[in-house]
Colleague: 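Have a look at this one before I ask anything.
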Amino acid sequence: MQNAGLAALGLNWRYLAFEVDPENLRAAIQGAQAMNFIGLNLTVPHKLLAVEMVDVLDESARAWGAVNTILFEGRDGRGVWQPLRELAEVPRETRSHGFNTDAEAITRALREDLGLELSGTKILLLGAGGAGWTAALKLASEHLAELFLVNRTRSKAEAVAQEIRQRHPGLKVTIGYPTSPVDLVLNATSLGLKTNDPLPCDEKQFALRHAGAVYDMIYRPAETALLQAAKAAGCRTANGLGMLLYQGAKALELWTGQTAPVEMMRRALEKDVYGPQ
Ligand code: NAP
């Protein structure tokens, strides 16, 4: 999707994938910086490690405690830090600037793919791993009416709830299933990646017909058993492809300074993930 985006913007840049051992992450970032790369994306398990390795953290990376996008910058003639794309000559001094585009992508996907305005809503969030943690904190900043957290390992949901209570003391956070309807059920567990996985939502405790919409962060398979059950129960549904797309689109905007050609990128991503339709 990034190469499709770069081509649509008429840039002769290339987006390449490198497999890096976590032990070599610092050297890899410094190497890319030394070679005047425009930027980097990082994925699991590098996102948390990179927080300690970049020269400057954007507010987004500080807020979520993770870096998934790096922008390399150099000083211009007046000594001001600029993205490398803005500089006519190779600068003598460069720095790495860490951002996080994951959290915004979650709420953008809920708004654009489910038509959900989050303010005043009640949400059941399943999962408190890396993605669940970020989703919980991001949702908590969106003026919800109430947030319900369910996770196999209860202590992790409790830790997330504690963090939310510190950051957003006004928000009602409940551990466990809701006893009345919610606007959204959001699956951030890995249940559904395998075809014989049980549903991440215990239907004995919460029936999906009491949810207005269901979002599954999983995008392969395109329709998990959860999304099938949700559709059958009359809920609006969307899978996690939008989340992947929007974090990438935002990263492309940071590197290029231009609006990302999102629909071109979506088509390229769908082709890559699901094959030619
Ligand atoms: P993670 O840190 O490994 O967390 C996994 C989560 O799933 C935890 O809450 C874990 O519960 C739960 N879980 C795993 N196996 C389970 C089981 N057998 N029964 C009940 N719960 C179980 O992974 P992650 O990075 O947060 O990713 C979670 C999901 O989000 C994955 O499916 C991933 O593909 C998806 N994701 C999608 C995007 C996107 O762009 N669409 C981005 C990131 C992640 P415990 O805490 O009890 O272990």
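First listed ligand is number 1; within each ligand, the first listed atom is number 1.
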Colleague: Give me the nearest non-hydrogen protein atom to atom 5 (C) of ligand 1 as residue plus atom name, then the distance to 0.1 Å.
Modeller: Ser190 OG, 3.8 Å
Colleague: Identify whether the distance between the nearest side-chain nitrogen and carboxylate oxygen of Arg85 and Glu73 falls below 4.0 Å.
Modeller: no
Colleague: Of Met243, Gln247, Met217, which has the heavy atom at the shortest distance from atom 42 (C) of ligand 1?
Modeller: Met243
Colleague: What are the two closest non-hydrogen atoms of Gly242 and Ala109, and how far apart are they?
Modeller: C-CB, 4.2 Å
Colleague: Give the atom numbers and elements of ligand 1 that come within less than 4.0 Å of a heavy atom of Leu244.
Modeller: 40 (O)
Colleague: Would Glu270 and Arg266 pass as an ion pair if we require N to O under 4.0 Å?
Modeller: no
Colleague: Under 4.0 Å from ligand 1, counting heavy atoms only, is it the side chain of Asn151, its backbone, both or neither?
Modeller: side chain
Colleague: Any non-hydrogen side-chain atom of Val150 less than 4.5 Å from a side-chain atom of Thr189?
Modeller: no
Colleague: Which pair of non-hydrogen atoms, one from Leu125 and one from Ala188, has the smallest distance, and what is that distance?
Modeller: CD1-CB, 4.1 Å
Colleague: Does Ala105 approach ligand 1 within less than 4.0 angstrom via side chain, backbone, both or neither, non-hydrogen atoms only?
Modeller: neither
Colleague: Quick test: of every protein heavy atom, which one is nearest to atom 6 (C) of ligand 1, and how far off is it to 0.1 Å?
Modeller: Thr189 CA, 3.8 Å
Colleague: Does an N or O anywhere in Tyr219 fall below 3.5 Å from an N or O of ligand 1?
Modeller: no
Colleague: Can you report which non-hydrogen protein atom sits closest to atom 34 (O) of ligand 1, along with the distance?
Modeller: Leu193 CD2, 4.2 Å
Colleague: For Glu89, look at atom CD and say whether over 12 heavy atoms of other residues, nucleotides or ligands are found less than 6.0 Å away.
Modeller: no
Colleague: Side chain, backbone, both or neither: which part of Lys156 comes within less than 4.0 Å of ligand 1 when only heavy atoms are counted?
Modeller: side chain
Colleague: For atom 17 (C) of ligand 1, is the nearest protein heavy atom under 4.0 Å away?
Modeller: yes
Colleague: Check each heavy atom of Trp133 against ligand 1 and say whether those closer than 4.0 Å belong to the side chain, the backbone, both or neither.
Modeller: neither
Colleague: Considering non-hydrogen atoms of the protein only, which is the closest contact for atom 21 (N) of ligand 1, and what is the distance?
Modeller: Arg152 CB, 3.7 Å
Colleague: For residues Ile29 and Phe72, report the shortest heavy-atom separation together with the two atoms involved.
Modeller: O-CZ, 3.8 Å
Colleague: Looking only at heavy atoms, what is the nearest atom pair of Ala61 and Gly98, with distance?
Modeller: CB-O, 3.6 Å
Colleague: Could you see which bit of Leu191 sits under 4.0 Å from ligand 1, with heavy atoms only: side chain, backbone, both or neither?
Modeller: side chain
Colleague: Which pairs with one or both residues in residues 144-161 pass side chain to side chain donor-acceptor pair (under 3.5 Å), sequence neighbours excluded?
Modeller: Glu146-Thr174, Arg154-Glu158
Colleague: Can you sort out which atoms of ligand 1 are near Gly127, meaning under 4.0 Å from one of its heavy atoms?
Modeller: 9 (O)
Colleague: So which heavy atom in the protein is nearest atom 23 (O) of ligand 1, and how far is it from that ligand atom?
Modeller: Gly130 N, 4.5 Å
Colleague: Below 4.0 angstrom from a heavy atom of Ile218, which ligand 1 atoms are there? Numbered from 1 as shown, please.
Modeller: 32 (O)
Colleague: Heavy-atom distances under 4.0 Å are what count here, so tell me which part of Ala128 touches ligand 1: side chain, backbone, both or neither.
Modeller: backbone
Colleague: Establish whether atom 11 (O) of ligand 1 and some protein heavy atom are separated by less than 4.0 angstrom.
Modeller: yes
Colleague: Could you list the atoms of ligand 1 found under 4.0 angstrom from a heavy atom of Gly240?
Modeller: 39 (C), 41 (N)
Colleague: Counting heavy atoms only, which of Thr153, Asp102, Ile106 is nearest atom 45 (P) of ligand 1?
Modeller: Thr153
Colleague: Among Gly192, Gly129, Ala188, Gly242, which residue places a heavy atom closest to atom 28 (C) of ligand 1?
Modeller: Ala188
Colleague: Do Lys138 and Glu104 sit within salt-bridge range, that is, some charged N less than 4.0 Å from a carboxylate O?
Modeller: yes
Colleague: Would the number of heavy atoms belonging to other residues, nucleotides or ligands and lying under 6.0 Å from NZ of Lys47 be above 12?
Modeller: yes
Colleague: Pairs of nitrogen or oxygen atoms closer than 3.5 Å, one from Ala131 and one from ligand 1: do any exist?
Modeller: yes
Colleague: Name the orientation class of the two ring planes belonging to Tyr177 and Phe206 (parallel below 30°, tilted from 30 to 60°, perpendicular beyond 60°).
Modeller: parallel
Colleague: Would you find more than 12 non-hydrogen atoms of other residues, nucleotides or ligands less than 6.0 Å from Arg209 atom CZ?
Modeller: no
Colleague: Looking only at heavy atoms, what is the nearest atom pair of Ala131 and Ile106, with distance?
Modeller: O-CD1, 4.5 Å
Colleague: Quick check on atom 3 (O) of ligand 1 - does any protein heavy atom sit closer than 4.0 Å to it?
Modeller: no
